[in-house]
Amino acid sequence: MIRVVCPGSFDPVTNGHLDIISRAAKLHDEVIVGVLRNPSKSSLFTADERVELLREVSKDLPNVAVAKFNGLIVDFCRANEVSAIVKGLRAVTDFDYEMQMAQMNYNQAGVETLFMTTNPLYAFLSSSLVKEFARYGGDVASLVPEPVLHQLTERLARE
Ligand code: PNS
């Protein structure tokens, strides 16, 4: 049984994340979406809200579960018998840091990282850009799942 983790901040989950999660789910027995709870980093949505949104948008993927984690991803992998980390690579700009993290995780804990190329439709997409465009009235409806758009619009209206 091959269980993998797709880790990230997911603040909020975008169509790019969902594309990687659903493709990973086709290739592996189980996928855990690992939501980093990092109290030192400010986020628009709390970790619980991010988990809730991920559960909602992945509800049709039966072999996908969502969990929060603190600390090192390799410790989460050990604790949950995860075989590998799956990451999306958008462009060459992602490569250096992703490569460094993958090698560190392998060096420290023998945890493998598998890279999937992002769907070119979403190569430019990031949660940060979605928030910035949405905050200033940009139309991000085609970039995030509907429940995220709804929550994002509500949250930004309160700012
Ligand atoms: O969505 P993000 O913020 O780009 O995701 C980054 C994430 C959460 C995958 C990465 O920062 C991570 O794995 N953090 C957990 C802490 C950790 O293990 N750090 C060492 C990485 S070598």
Side-chain angles (χ1 to χ4, degrees), residues 2-38 41-45 47 49-69 73-74 76-77 80 82-106 111-156:
I2 305 285
R3 179 184 293 142
V4 297
V5 63
C6 290
S9 304
F10 304 104
D11 185 41
V13 56
T14 67
N15 286 343
H17 293 129
L18 199 51
D19 176 62
I20 294 291
I21 294 165
S22 56
R23 285 161 59 205
K26 282 189 195 145
L27 294 171
H28 303 98
D29 300 307
E30 277 183 33
V31 175
I32 306 179
V33 182
V35 179
L36 179 65
R37 190 180 149 269
N38 184 353
K41 196 173 157 192
S42 74
S43 57
L44 183 63
F45 293 99
E49 289 169 336
R50 287 179 269 143
V51 165
E52 195 58 35
L53 280 169
L54 274 155
R55 289 202 174 124
E56 167 82 23
V57 303
S58 64
K59 64 177 190 285
D60 295 332
L61 302 169
N63 59 338
V64 172
V66 186
K68 276 183 292 191
F69 76 100
I73 187 63
V74 291
F76 180 87
C77 291
N80 293 281
V82 165
S83 310
I85 298 167
V86 172
K87 291 281 197 79
L89 276 184
R90 287 169 297 195
V92 71
T93 43
D94 281 342
F95 186 77
D96 275 352
Y97 188 49
E98 290 296 343
M99 175 97 159
Q100 208 181 348
M101 284 197 286
Q103 290 179 336
M104 186 72 170
N105 288 333
Y106 187 76
V111 173
E112 300 282 2
T113 299
L114 308 174
F115 292 113
M116 298 184 72
T117 51
T118 294
N119 183 326
L121 276 178
Y122 307 124
F124 58 91
L125 190 51
S126 70
S127 299
S128 309
L129 278 183
V130 163
K131 284 182 283 192
E132 188 165 333
F133 268 74
R135 185 168 277 126
Y136 297 110
D139 179 2
V140 296
S142 62
L143 306 179
V144 293
E146 202 285 322
V148 174
L149 183 67
H150 182 74
Q151 292 290 323
L152 192 58
T153 312
E154 264 197 4
R155 183 60 48 97
L156 293 173

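Atom set for the values below is all heavy atoms of this structure, side chains included, hydrogens, waters and symmetry mates excluded.
- The minimum heavy-atom distance linking Lys68 with Ala47 is given by the pair CD-CB, 3.6 Å.
- Using cut-offs of 30° and 60° on the angle between ring planes, the pair Phe95 and Phe115 is tilted.
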Tell me which donor-acceptor pairs under 3.5 Å the side chains of residues 56-67 have, and how far apart each pair is, sequence neighbours excluded?
residue	atom	partner	partner atom	Å
Ser58	OG	Leu54	O	2.7
Asn63	ND2	Ala25	O	2.8
Asn63	ND2	His28	O	3.1
Asn63	ND2	Asp29	O	3.2

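- To the nearest 0.5 Å, the span separating CD1 on Ile20 from OG1 on Thr14 amounts to 9.5 Å.
- Remark: Arg155 pairs with Glu49 by the salt bridge (Lys or Arg N to Asp or Glu O under 4.0 Å) rule, at least two apart or across chains.
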Show me the donor-acceptor pairs within less than 3.5 Å that the side chains of residues 128-149 make with the rest of the protein, sequence neighbours left out.
residue	atom	partner	partner atom	Å
Lys131	NZ	Asp11	O	2.9
Lys131	NZ	Asp11	OD2	2.9
Arg135	NE	Glu159	OE1	2.9
Arg135	NH2	Glu159	OE2	3.1
Asp139	OD1	Ala141	N	3.0

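- Residues Ser9 and Asn38 are not in side-chain contact: their nearest non-hydrogen atoms beyond the backbone lie 4.5 Å or more apart.
- In this structure, the side chains of Met101 and Thr113 stay at 4.5 Å or more apart for every pair of heavy atoms.
- A distance of 5.5 Å separates CG in Leu156 from CG in Leu44, rounded to the nearest 0.5 Å.
- Surrounding CG of Leu121 are more than 12 heavy atoms belonging to other residues, nucleotides or ligands, all under 6.0 Å away.
- Remark: the backbone N or O of Leu36 is paired with a side-chain donor or acceptor of Arg50 at under 3.5 angstrom.
- Taking every heavy atom of both residues into account, Cys6 and Val31 meet most closely at SG-CG1, 3.9 Å.
- With rounding to the nearest 0.5 angstrom, the OG atom of Ser126 is 8.5 Å from the NE2 atom of His17.
- Listed by chain and number, the residues in a ring-ring contact (aromatic ring centres under 6.0 Å, His included) with Phe76 are Phe69 (sequence neighbours excluded).
- Of all heavy-atom pairs between Ile73 and Pro7, the closest is CD1-CB, 3.7 Å.
- Annotation: salt bridge (Lys or Arg N to Asp or Glu O under 4.0 Å) contacts of Arg23 (sequence neighbours excluded): Asp19.
- Remark: the backbone N or O of Tyr122 is not paired with any side-chain donor or acceptor of Arg90 at under 3.5 angstrom.
- The side-chain hydrogen bond (donor to acceptor under 3.5 Å, both in side chains) test applied to Glu98 returns Lys87, not counting sequence neighbours.
- Phe124 CZ to Thr118 OG1: the interatomic distance, rounded to the nearest 0.5 Å, is 11.0 Å.
- The side-chain heavy atoms of Phe10 and Val51, taken from C-beta on, include no pair separated by under 4.5 Å.
- Not one N or O on the side chain of Ser83 forms a donor-acceptor pair closer than 3.5 Å with the backbone of Val4.
- Taking the side chain as every heavy atom from C-beta outward, Ile32 and Asn80 approach each other to under 4.5 Å.
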